[in-house]
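To start, the structure itself, in structure tokens.
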Amino acid sequence: MGSYVKLAKRAVETEMPIMVQVGDMLRVVWVNYLDDTGIGPRSEKCLVLGPGLGFPFLMFLYAVILYCIKYYINGGIENMEHRTYFFRNKDLFGADLKDFLHSKEVVYPFIALEMEEICWQLIDLFHVVQGVVYWQPPKQALNKVKELVWEPSISRYGADEGIPELREALMQKLRKENKLVNSSVMVTAGANQAFVNIVLTLCDAGDSVVMFAPYYFNAYMAFQMTGVTNILVGPGNPETLHPDAAFLLISDWLARTLSEAKPVPKVVTVRISDLCREAGSWLIVDNTYEYFMYDGLKHTCIEGDHIVNIFSFSKAYGMMGWRVGYIAYPSGVEGFQTQLLKIQDNIPICASILSQHLALYSLEMGPEWVTKQVKDLVKNRDLILEALSPLGEGAVKGGEGAIYLWAKLPEQDVDDDKVVRWLAMRHGVVVIPGGACGCPGHLRISFGGLTENDCKAAADRLKRGMEDLVNNGMVEWR
Ligand SMILES: Cc1ncc(COP(=O)(O)O)c(C=O)c1O
């Protein structure tokens with residue numbers, strides 16, 4: 001029953017359909033909330049219920065869900081209507097259901113959405129998928145922002161580069177914490193938009209770029225979407241999966257690639273600063289996880305006229321949905337700022353003004369606030385490490401910084417896409433296939449998004465899944 005309340009709640013909160021694991025027949029319920037005029041749909045939701053429990057019981061659940069949406073969650077919205085469709089379909093991912101969903105303009109083109117597709121089919125799932133943290137922004141900062149909403153300036157456009165108070169505070173932070181003294185700042189709608197801004201600023205269609213696996217799939221897609229399709233993926237050190245400078249120098253891979261590639265790669269997303277400078281390439285450094293370092297390790301930044309640094313408020317301050325990040329770009333490079341501004345003014349104009357104020361107030365809490373939140377993540381990391389132990393010694397990498405672990409799959413089950421679906425369906429835990437990050441045959445597990453208790457529960461399932469995989473292989477789940 002609790003799960004069904006959760007399902008109904010998710011139906012109200014999300015814009016996309018939710019599906020529950022099904023047997024032979026699908027029940028698809030679209031729920032329309034009409035707008036205040038009662039004419040147009042305000043939003044449309046889809047629920048899919050699976051039988052297997054008998055039709056009368058299904059009818060009961062169906063009634064419970066509609067009741068939950070109408071009264072429990074949405075405070076008794078009057079103008080709600082619903083339509084019910086039935087499907088007979090042996091295959092959960094079968095053509096009928098897909099056609100139906102696509103006819104509703106639901107498209108799942110990318111990895112994040114594919115993972116959501118899996119999640120929506122199951123209500124009882126633990127997500128160790130997204131790069132998120134479980135905490136909210138600082139309470140004091142949220143309270144201050146609450147006071148601001150009626151200020152007229154909050155609803156107007158702001159300066160393209162960011163509100164002056166925040167930019168000033170960020171310049172100070174960059175100088176003090178990151179030792180970046182020759183950098184200018186542009187505030188963006190998250191590090192993702194920062195990355196796209198930089199790609200549009202530096203690259204033209206047909207350019208080549210270098211990334212190292214495992215890479216951040218959205219960065220890869222930012223290149224693809226902007227016509228930069230010549231993406232050279234460099235190896236990570238097999239021992240650590242780090243794009244390790246020493247390893248690369250021994251293997252000579254980067255130097256050769258940079259000198260042989262035509263045209264010369266414009267962007268390399270790893271800290272191989274000197275090699276890049278010599279080759280005339282830009283280096284983009286993503287510092288999203290600057291505060292997420294464990295076991296006494298420290299994060300440092302580098303600066304240069306060929307280096308652009310990206311930062312984010314999303315994880316450190318639990319501000320994922322507020323969308324604030326920033327770019328620290330070399331002040332001395334002529335034309336850089338003009339190009340960045342051109343892109344900024346054509347896409348978001350400015351990052352959300354209210355969010356920028358929250359970022360400013362959060363920054364006032366100081367890095368100590370963030371370090372305090374991050375400190376406990378080692379417990380989550382260790383729980384997940386233990387859960388992955390059935391894979392054997394040396395199979396798991398990462399976790400020294402950021403919020404991810406990388407698990408190498410056993411030889412007999414290296415299809416990471418299949419393993420991810422199997423884990424979700426059979427063991428109720430969702431992870432990312434390593435192939436999406438350039439590491440096929442691996443799983444990416446995030447340990448930032450769950451509280452310790454939930455992480456324990458997720459780890460239990462993951463461990464059962466890993467034992468099952470190692471001992472029995474990936475047996476059919478239907
Ligand atoms: C490496 C990396 N960079 C950037 C981002 C996106 O950050 P933002 O929310 O600031 O766009 C993520 C999110 O998962 C990430 O893992």
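Every number for a ligand or one of its atoms is a count from 1 in the order of the listing. Throughout, residue positions are numbered sequentially from 1 according to the sequence presented.
Residue Q193 places no N or O, backbone or side chain, under 3.5 Å from any N or O of ligand 1. Any N or O atom pair closer than 3.5 Å counts here, and A191 shares at least one such pair with ligand 1.
Distance from atom 14 (O) of ligand 1 to its nearest protein heavy atom, with residue and atom name: K315 NZ, 2.6 Å. For atom 16 (O) of ligand 1, the closest non-hydrogen atom on the protein side is Y289 OH, 2.8 Å. Residue, atom and distance of the protein heavy atom nearest to atom 9 (O) of ligand 1 are S314 OG, 2.6 Å. At the shortest separation from atom 3 (N) of ligand 1 among protein heavy atoms lies D286 OD2, 2.6 Å.
Between the side chain of S355 and the backbone N or O of W322, at least one donor-acceptor pair lies under 3.5 Å. Judged purely by atom type and a 3.5 angstrom limit, N287 uses its side chain to pair as donor or acceptor with the backbone of I310. In terms of modelled atom types and a separation under 3.5 Å, the side chain of K315 and the main chain of S312 share no donor-acceptor contact. Checking side-chain atoms of N346 against main-chain N and O of K342 turns up a donor-acceptor pair under 3.5 Å.
Shown in contact with G190 at under 4.0 Å from a heavy atom are these atoms of ligand 1, numbered in order with element: 10 (O), 11 (O). Counting the atoms of ligand 1 from 1 in the order shown, those under 4.0 Å from a heavy atom of G131 are 14 (O). Annotation for ligand 1: atoms under 4.0 Å from non-hydrogen atoms of R323 are 8 (P), 9 (O), 11 (O). Every atom of ligand 1 with a heavy atom of S312 under 4.0 Å away is listed here by number and element: 7 (O), 8 (P), 10 (O).
Ring-plane geometry between Y215 and Y220 is classed as parallel, the angle between the planes falling under 30 degrees on a 0 to 90 degree scale with a further cut at 60. Between W369 and Y317, the two ring planes are parallel [angle under 30°; tilted spans 30° to 60°]. By the 30° and 60° cut-offs, the orientation of the rings of F292 relative to W135 is parallel.
Among residues two or more places apart in sequence or in another chain, the side chain to side chain contact (heavy atoms under 4.5 Å, CB included) test is passed with N178 by K173, L174, L180, E290, H299, C301, F311.
Neither the backbone nor the side chain of M320 has a heavy atom within less than 4.0 Å of ligand 1. The side chain of Y404, and not its backbone, has at least one atom closer than 4.0 Å to an atom of ligand 1 (non-hydrogen atoms only; side chain from C-beta on).
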